[in-house]
Amino acid sequence: TGRTHQIRVHLSEKGHPLLGDPLYGRESRARRRALDENSRAALEQLGRQALHAELLGITHPGSGKEMQFETDLPDDIKGLIDCLERL
């Protein structure tokens, strides 16, 4: 929709901020302390927001053709998820 930060704002307002989001996802000290050492290290190594779109679809503005783009999770997010699932 062109609304800057929309997903990040809504998730944060609902109490589910994105990990690694420096603006809307400021982790509380208590939440960060709840992570084990491996999870804290994985979050530090991520160095960005833990936000990923597996599938995006658009209608090409010129041709009107429906287009889809699909990709796997990046390794850094996979690593973070693996650490968090072990908690």
Side-chain angles (χ1 to χ4, degrees):
T1 66
R3 301 211 179 251
T4 304
H5 308 203
Q6 187 173 10
I7 291 171
R8 295 163 58 197
V9 171
H10 287 282
L11 286 171
S12 183
E13 287 177 357
K14 294 290 184 182
H16 303 288
L18 292 174
L19 288 172
D21 186 340
L23 185 58
Y24 302 106
R26 295 184 187 103
E27 297 96 17
S28 70
R29 289 181 185 173
R31 284 183 180 179
R32 194 170 182 89
R33 280 193 303 264
L35 297 176
D36 66 1
E37 185 177 323
N38 290 334
S39 298
R40 281 193 299 271
L43 182 56
E44 290 297 322
Q45 289 175 355
L46 185 66
R48 62 183 179 89
Q49 300 162 22
L51 180 62
H52 174 75
E54 178 182 23
L55 177 68
L56 294 175
I58 64 166
T59 302
H60 191 279
S63 69
K65 179 181 175 185
E66 296 293 324
M67 303 176 77
Q68 284 192 346
F69 305 90
E70 190 170 358
T71 185
D72 294 328
L73 273 174
D75 289 340
D76 57 354
I77 292 181
K78 283 181 190 176
L80 178 59
I81 290 170
D82 288 345
C83 287
L84 294 173
E85 285 179 338
R86 286 184 237 144
L87 287 179

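Each residue takes its place number in the sequence, starting with 1.
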Colleague: How many angstroms lie between CD in Q45 and CG in D75, if you round to the nearest 0.5 Å?
Modeller: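 One gets 12.0 Å once the value is rounded to the nearest 0.5 Å.
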Colleague: Any non-hydrogen side-chain atom of L35 less than 4.5 Å from a side-chain atom of L84?
Modeller: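 The answer is yes, as the side chains (C-beta and beyond) meet within the 4.5 Å cut-off.
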Colleague: Any side-chain heavy-atom pair from L11 and P17 closer than 4.5 angstrom?
Modeller: no
Colleague: Does a side-chain heavy-atom distance below 4.5 Å link I81 with L73?
Modeller: yes
Colleague: Nearest 0.5 Å, please: how far is CG in D72 from CD1 in I77?
Modeller: 12.0 Å
Colleague: Find the distance between CG (L43) and CZ (R48) and round it off to the nearest 0.5 Å.
Modeller: 11.5 Å
Colleague: Calculate, to the nearest 0.5 Å, the distance between atoms NE2 and NZ belonging to H60 and K65 respectively.
Modeller: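 Output value for this atom pair is 9.0 Å.
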Colleague: Using 4.0 Å as the upper bound for N to carboxylate O, is an ion pair formed by D36 and R86?
Modeller: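 Looking at R86 and D36, the cut-off is not met.
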Colleague: Nearest heavy-atom pair of S39 and L80: which atoms, and what distance?
Modeller: O-CD1, 4.0 Å
Colleague: In Å, rounded to the nearest 0.5 Å, how long is the span from NE2 of H5 to CG of L23?
Modeller: 6.5 Å
Colleague: I'd like to check the salt bridge (charged side-chain N to carboxylate O under 4.0 Å, His left out) partners of E44; sequence neighbours left out, ordered by chain and number.
Modeller: R32
Colleague: Any link between I7 and L56 through a network of hydrophobic side chains (Ile, Leu, Val, Met, Phe, Trp, Tyr) touching at under 4.5 Å?
Modeller: no
Colleague: Is there a side-chain contact between T71 and L55 in this structure, where contact means two heavy atoms from C-beta onward sitting under 4.5 Å apart?
Modeller: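 They are not in contact (no side-chain heavy atoms under 4.5 Å apart), so the answer is no.
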Colleague: Output yes when a side-chain donor or acceptor of T59 lies under 3.5 Å from a complementary backbone atom of G64, and no otherwise.
Modeller: no
Colleague: Where the side chain of R8 meets the backbone of Y24, is there a donor-acceptor pair that is under 3.5 Å apart?
Modeller: no
